[in-house]
Amino acid sequence: KAFAKKAKKAKKIVIPATIKKVNKKGFTGTKKLKTIIVKGTKSFTVKKGAFKNVNSKKITVKVNKKMSAKEFKKLKKNLKKAGFKGKIKK
C-alpha cells in the first residue's frame, strides 16, 4: 500500500520483489526522498498520482541489474504515467 505513512522523513525507499502495485498517493508526503531502489526483476504498476506533491525531479530510481530490457522499459513507462520526472537507471 502507501509507503508514505511511515516514510515521511525517509531519504531512501527499497521496494521488495513482492510488490506488484504502488497505489495513488503511494509516495505522497515523502519530501526528503532521494532514492528508490527496486529489488525485483519484474515491472510493477504505479498508479497515476503516486508522486503527487513530491518533487520527483530530485529522485533517482535504481533498478535491479538483472531486470530484462523489456521489463525495464515497461517500468519506465509506468513511472512516467504516474508523474515521475526523475532519473531511472540500472
Side-chain angles (χ1 to χ4, degrees):
K1 277 199 162 182
F3 301 108
K5 288 180 184 176
K6 294 182 181 178
K8 287 188 186 240
K9 295 181 182 178
K11 291 182 181 178
K12 178 171 80 172
I13 291 178
V14 179
I15 299 177
T18 56
I19 295 294
K20 303 277 186 251
K21 176 172 67 173
V22 175
N23 286 324
K24 188 175 172 181
K25 298 183 183 179
F27 295 102
T28 301
T30 55
K31 302 273 186 213
K32 296 182 181 185
L33 186 62
K34 298 281 180 227
T35 310
I36 299 171
I37 299 170
V38 179
K39 292 285 188 179
T41 56
K42 297 276 185 194
S43 178
F44 52 87
T45 306
V46 184
K47 294 286 185 179
K48 193 173 184 176
F51 295 95
K52 194 171 185 172
N53 299 327
V54 176
N55 186 359
S56 63
K57 288 179 185 175
K58 294 182 178 182
I59 300 171
T60 302
V61 175
K62 293 181 182 176
V63 178
N64 188 333
K65 289 179 179 171
K66 293 179 183 176
M67 185 180 276
S68 70
K70 183 179 176 183
E71 291 291 327
F72 183 68
K73 188 175 179 181
K74 195 172 163 184
L75 180 61
K76 279 177 80 169
K77 184 180 170 188
N78 288 343
L79 286 166
K80 296 289 180 195
K81 271 188 186 177
F84 182 75
K85 294 178 178 89
K87 295 178 187 173
I88 306 165
K89 58 185 179 181
K90 272 192 174 183

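By convention here, the first residue in the shown sequence is residue 1.
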Shortest non-hydrogen separation from K25 to T28 and the atoms involved = CA-OG1, 3.1 Å
Write down the atom of G40, the atom of A17, and the distance for their closest heavy-atom approach.
->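 Minimum heavy-atom contact is CA-CB, 3.6 Å.
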Per the side chain to side chain contact (heavy atoms under 4.5 Å, CB included) rule, which among I15, T41, I37, L75 passes with V63?
-> L75
Taking atom NZ of K39 as the centre, report whether more than 12 heavy atoms of other residues, nucleotides or ligands fall under 6.0 Å from it.
->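 For K39, atom NZ is not crowded (no more than 12 foreign heavy atoms under 6.0 Å).
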Got more than 12 heavy atoms from elsewhere within 6.0 Å of NZ, K90?
->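 Yes.
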Give the table of side-chain donor-acceptor pairs shorter than 3.5 Å for residues 44-61, with sequence neighbours excluded, one pair per line with atom names and distance.
residue: N55; atom: OD1; partner: K57; partner atom: N; Å: 3.4
residue: S56; atom: OG; partner: G83; partner atom: O; Å: 3.4
residue: S56; atom: OG; partner: K85; partner atom: N; Å: 2.9

Which residue pairs pass the side-chain hydrogen bond (donor to acceptor under 3.5 Å, both in side chains) test with at least one member in residues 61-76, sequence neighbours excluded?
-> none
